[in-house]
Structure formats: C-alpha cells, structure tokens
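Here it is, the structure, as structure tokens.
Note: hydrogens, waters and symmetry copies are ignored here, and every other heavy atom, side chains too, is used. As the structure is a prediction and not an experimental result, all values here were calculated from the model. For ligands, and for the atoms within them, numbers begin at 1 and follow the listed sequence.
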Amino acid sequence: MRVLLLGSGGREHAIAWKISQSSILDELFIAPGNAGTKKLGKNLNIQVNDFESIKNVVLQNQINMVVVGPEEPLVMGIYDFFKNDTQLKNISLIGPSKEGAQLEGSKDFAKAFMSRHRIPTAKYATFEANTLTEGLRFLDAMKGPYVLKADGLAAGKGVLIIDDLNQAKKELEEMLLGSKFGQASSRVVIEQFLDGLELSVFAITDGESFKLLPEAKDYKRIGEGDTGLNTGGMGAISPVPFADAAFMDKVLNRIVIPTIKGLKAENITYEGFVFFGLINVKGDPYVIEYNCRMGDPETEVVMPRIKSDILDLFEGVATHTLSERDIQFHDKSAATIMMVAGGYPEAYNKGETIYGLNSITESLVFHAATLSDGPSVVSNGGRVLAVTSYGKNLQMALERSYESITKISFQDAYYRTDIGKDVLDK
Ligand code: AMP
Ligand code: GLY
C-alpha cells in the first residue's frame, strides 16, 4: 500500500512510526512532516489544508490511502473533497466526513448530538449575539465556576473557566459581541462545571463497528502540579490507573457505543478516529468534548501500545470490514514527556539547534516541531519533542523517559518533571 499521512506534529511522527512497521506498506509519504518523519518516509512540502496540491501528489505518487492527522482539514471537508472527485473517490481516506467532523468543529453540534443520544455530558445552553440577554440571565441562574466555550475551532484556546460571575458575563459579551475568538465565538456554549480527573479514550470506526484503542491521560497545563496556562499537552501516560474494568465498561456502554450507533442512525459518514475527552465524576464518565482525530501527545503513547498492524486496521476502516480485524495491545505501559521551547505557550524562539538526539537508546523520540538544517535538527515550534518510553509499569516508563530527556538539549528547553505523579501517588 502507498500511504500519504497529513500533518507535522508528534502525533504524526508516532503514526508514521507505526505505519512504517506495517507488513503491507510499500511507500510512506508525509505532508508536510518534520525532521523525524523524514527518516520513515518521504516528506512532501505541502500544507494540510491545500486540497488541490494534495490531490496532485496523491495522483502523481499513486497513493492508495490518505491518513489525516489534524482536525483542520477534516473540519474543512477533506473527506467530502475526495469522495466528490472522480479521480480521488476510490482512494481510501481515514477520517470522518465534514458532517462527522462537526463533533469537534462545533461544540453546539456535539452537545445536541449527545443530548439526542442520551450520552452523559454537562448540562448546557447555547447563545448567539441576539440572545446575549438570555445568556446573561442563564449565568445569573447558575452556580460557578462558569464554563464558556466558543462553538467553533479556536486552536485549543476557546474554553474559559471563570469563578467570578461578573467576569463570566464580561467574557460572554466579549465572545459574542467583541468576536474574542473571531467567527468561532459567534456562538457560545455555556455549561455546568464538572469536577474530576480527565482521560482520553480513543476509538477507530468504519461507521458500522469500532475498536477501542488504549486509553491515555494527558497533562495540559504548562506548570508543575497542573498550574499555569493551558498548552497542547505536556506529557501523557497509558494505561490510566483509574480507568479500571468497571469504569471502562461504563465508558463503552454509556458513551462509545451510543456515539457510534448515533452517527450511524443519523447517516453521518464516519471512517476514522473518535477521541472522547472524558471526565470521571465520582466513578461515572461524562464527555467533556469530542475530537475527530487522535490526541497529541496521547498518540505518542497510544501508538506504541498497539501491537497489531495499523494499516490492517485502516484497511478495515476503508473497506468497512473492521469487525473482521483483530486489535491487540502490549501489556507494557508507556509514558511521554514533552520538551518545549522556553516561553511556550506564549512567545518563544524557533530555530534552536537540538543536541543529543542520536544518544537516545532507551526511548523513542517523536518530533513535534522540528526541521532539518543541513546535518542538524532545529526546533520549529513550541512543543518540540516527545520522549516516549516503555516500562513494565508506569513508574518505570516515566523514569526511563526522564533519564533520556536529560541527554537531549536545546537553548531554553523546558519540560514538566511531574508527569504521571498525580495518578501514581494515589
Ligand atoms: P475542551 O477544549 O472542551 O477540551 O476544554 C478544555 C479544557 O477545559 C478541558 O480539558 C477541561 O479541563 C476543561 N473543561 C471543559 N469543559 C469543562 C466542564 N464542563 N467542567 C470542567 N472542566 C471543563
Ligand atoms: N491532547 C489533547 C488534544 O489533542 O486535543
């Protein structure tokens, strides 16, 4: 099989790493990729939202399957672009249709979908500029903290959690009238605050059946002890200790099965990953958000824990034969630590030379934002590298990653030293 993978982050390096081990792979292309994916296939200098250029390289390189990493091309409708094009329609595309991607692309769509299918989630209401007064009254009637969500994609920044009522009202006004998040906040979902530990659960579906992938927990805040600004994710672990069989049974029966069945019942085409962002409230799972793609950095621990051939599973998705395929996991635990540029998630430098990459033997280093510069590898974004290790248990996996990370350096590099600590201490 000739495969094109879209994206350039740690998630895509981890997916590329897994695809490159497939017995049915002939050639792997990555667009645009990074200095890490370059070692596993051929990087193509094309952006993920440039559908016409993607079409050209797919035809030029006789690609049979396109795997979409990030959400943007999915929400923009890359699935429909392929299926509506006479030259592309028979090429497999792993990802949901534009309508399916609305599970991530519109918080209001996702909440209404959950409410139609009785999937547990926080109580909510949606407001627009012309219903601002009702929105303010709705806040008056609630208890804090107040959760305000921009309806559309806002690069992970569109959720505000505010303790003070007056501040929440001010923010609602800025979102609806002041376009705080541009078009994305022309509608705002206000929802009940849920208190508990979060985890990420992943499924892959062909629209009929699905397979659960290993679950993971990511660490979103920049600072130790989950403090400071939100980031794309500073580390991840898998498995998740509190996600025991009884809890996962609830996740399956109350959330995953109703979601897949609901998509089918509503004739929403979905041939890809579903990411369930969940919260454990006193032993019961609730959906915080859906994403229409894998998580980052969760993928950097999920892919290493899958034993089966990933292209066999993707083929099952594309040919609607997923139920006939087998998925097996490694018993081993996996942990990943993100090395980021100092200053991230605010201003930071790019182009810093990275040292020590070749000295790592006990861990997998997934590149999250790197470029080749002659023989050197340089940083090219905020989250630069994800250092993943296996271990007999989480403790050992974490120790190994922390040992490896001391051998890698670049100017002003930063990482959290407490990934996994909250769940191991329990
Ligand atoms: P989202 O972009 O929907 O994942 O939201 C970002 C983060 O905000 C989540 O990972 C949670 O930590 C937090 N969050 C979102 N919704 C709620 C809620 N209803 N209650 C508590 N925390 C929430
Ligand atoms: N790690 C969370 C996400 O990928 O959205």
Side-chain angles (χ1 to χ4, degrees), residues 7 9-12 14-15 68-72 74-75 101 103-111 114 119-126 142-163 168 181 184-185 188-202 213 215-222 226-238 240 273-282 284-303 336-338 340 345 366 368 382-383 386 416 419 422:
R11 167 181 51 212
E12 286 76 23
I15 296 174
V68 185
E71 64 276 13
E72 246 193 276
L74 294 167
V75 173
L103 281 186
E104 174 165 4
S106 165
K107 303 269 187 205
D108 178 59
F109 177 93
K111 295 297 281 191
M114 286 186 269
I119 294 167
T121 186
K123 293 201 178 60
Y124 82 107
T126 304
M142 278 177 99
K143 277 197 295 198
Y146 305 91
V147 182
L148 271 48
K149 300 187 169 183
D151 178 58
L153 288 187
K157 298 192 175 77
V159 176
L160 302 177
I161 299 178
I162 303 160
D163 288 319
F181 299 105
S185 65
V188 173
V189 168
I190 302 181
E191 67 178 36
Q192 172 202 8
F193 179 81
L194 298 175
D195 197 15
L197 284 174
E198 288 179 52
L199 81 158
S200 307
V201 168
F202 304 95
L213 309 183
E215 80 285 355
K217 181 178 192 322
D218 88 336
Y219 291 80
K220 290 202 171 79
R221 302 294 196 91
I222 188 73
D226 290 327
T227 54
L229 293 175
N230 254 322
T231 71
M234 295 296 292
I237 55 167
S238 178
V240 179
F273 295 107
V274 191
F275 170 155
F276 303 85
L278 305 181
I279 190 158
N280 175 354
V281 183
K282 300 193 184 92
D284 288 321
Y286 288 78
V287 178
I288 290 274
E289 64 165 350
Y290 285 114
N291 293 310
C292 61
R293 40 121 187 133
M294 287 297 292
D296 194 349
E298 290 97 323
T299 306
E300 290 93 307
V301 291
V302 170
M303 287 298 147
T336 197
I337 314 298
M338 268 286 172
V340 308
F366 294 122
R383 294 192 299 163
R416 272 178 63 170
I419 300 302
D422 55 342

request  = Would you mind running through ligand 1 and noting each atom that sits below 4.0 Å from a heavy atom of E191?
outcome  =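 What qualifies from ligand 1 is 16 (N), 17 (C), 18 (C), 19 (N).
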inquiry  = My understanding is that only residues two or more places apart in sequence, or in another chain, count here; which of them pass salt bridge (charged side-chain N to carboxylate O under 4.0 Å, His left out) with D284?
reply    =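 Once residues adjacent in sequence are excluded, the partners of D284 under the salt bridge (charged side-chain N to carboxylate O under 4.0 Å, His left out) criterion are K250, R254.
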ask   = Numbering the atoms of ligand 1 from 1, which are under 4.0 Å from a heavy atom of K220?
value =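 With K220 as reference, the close atoms of ligand 1 come out as 10 (O).
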message = I need the nearest protein heavy-atom contact for atom 21 (C) of ligand 1: residue, atom name and distance, please.
response =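 So the nearest neighbour among protein heavy atoms is L194 O, 3.1 Å.
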query = Should Y219 and I237 be marked as a side chain to side chain contact (heavy atoms under 4.5 Å, CB included) after you check the CA-CA gap, both sets of side-chain angles, and the distance that decides it?
reply = CA-CA 9 Å; Y219 291 80; I237 55 167; 3.9 Å; yes
inquiry  = Taking the basic N atoms (NZ, or NE/NH1/NH2) and the acidic carboxylate oxygens, is any pair closer than 4.0 Å for K220 and E198?
reply    =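 A salt bridge is present here (some side-chain N lies under 4.0 Å from a carboxylate O).
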task = Work out which heavy atom in K107 is nearest to a heavy atom in A150; give both atom names and the distance.
result =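 Heavy atoms only, the tightest pair is CG-O, 3.3 Å.
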ask   = Is a side-chain donor or acceptor of R416 paired with a backbone partner of M234 at a separation under 3.5 angstrom?
value =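 No, R416 side chain to M234 backbone: no donor-acceptor pair under 3.5 Å.
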ask   = Do you see a protein non-hydrogen atom under 4.0 Å from atom 7 (C) of ligand 1?
value =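 No.
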Atom pair CE (M338) and OG1 (T231), whose distance is rounded to the nearest 0.5 Å =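 Separation between the atoms: 8.5 Å.
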request  = Mark up the atoms of ligand 1 that fall under 4.0 Å of a heavy atom belonging to E198, in ascending order.
outcome  =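 The atoms of ligand 1 under 4.0 Å from a heavy atom of E198 are 9 (C), 10 (O), 11 (C), 12 (O).
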inquiry  = Could you go through N230 and R221, starting from their C-alpha distance and side-chain angles, then the distance that decides it, and tell me whether this counts as side chain to side chain contact (heavy atoms under 4.5 Å, CB included)?
reply    = CA-CA 4 Å; N230 254 322; R221 302 294 196 91; 3.7 Å; yes
Pair D151 + K111: basic N to acidic O under 4.0 Å =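 A salt bridge is absent here (no side-chain N lies under 4.0 Å from a carboxylate O).
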key: Every residue of the protein that comes under 4.0 Å of ligand 2, judged on heavy atoms   =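 Those residues closer than 4.0 Å to ligand 2 by some heavy atom are D218, G232, F275, N291, R293, G295, D296, P297, E298.
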request  = Write out the residue and atom name of the closest protein heavy atom to atom 17 (C) of ligand 1, then the distance separating them to 0.1 Å.
outcome  =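 Looking at atom 17 (C) of ligand 1, the protein heavy atom closest to it is I288 CD1, 3.5 Å.
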request  = Ignoring hydrogens, just give me the one of K149, E104, Q192, K107 whose non-hydrogen atom is nearest atom 15 (C) of ligand 1.
outcome  =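 Result: the heavy atom closest to atom 15 (C) of ligand 1 is in K149.
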query = Taking both backbone and side-chain atoms of N230, is any N or O found less than 3.5 Å from an N or O belonging to ligand 1?
reply =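 Checking ligand 1 against N230, no N or O pair falls under 3.5 Å apart.
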message = Walk me through whether I119 and T121 qualify under side chain to side chain contact (heavy atoms under 4.5 Å, CB included).
response = CA-CA 6 Å; I119 294 167; T121 186; 5.8 Å; no
ask   = What protein heavy atom sits nearest atom 1 (P) of ligand 1, and how far away is it?
value =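 I find the closest protein heavy atom is E289 OE1, 3.4 Å.
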query = Counting only heavy atoms, which portion of I279 has something under 4.0 Å from ligand 1: side chain, backbone, both, or neither?
reply =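 It is neither part, as no heavy atom is under 4.0 Å.
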key: Which residues share a ring pair (Phe, Tyr, Trp, His ring centres under 6.0 Å) with F275, sequence neighbours left out   =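 Listed in chain order: F202.
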request  = Starting from the C-alpha separation in whole Å, work towards a yes-or-no answer on side chain to side chain contact (heavy atoms under 4.5 Å, CB included) for E215 and L278.
outcome  = CA-CA 11 Å; E215 80 285 355; L278 305 181; over 6 Å; no
message = My understanding is that only residues two or more places apart in sequence, or in another chain, count here; which of them pass side-chain contact (heavy atoms from CB on, under 4.5 Å) with I161?
response =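 Here the qualifying residues are P145, V147, V159, F193.
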query = Can you list the ligand 1 atoms lying under 4.0 Å from a non-hydrogen atom of I161?
reply =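 Result: 8 (O), 13 (C), 14 (N), 22 (N), 23 (C).
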query = Short N/O distance, under 3.5 Å, between V159 and ligand 1?
reply =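 Checking ligand 1 against V159, no N or O pair falls under 3.5 Å apart.
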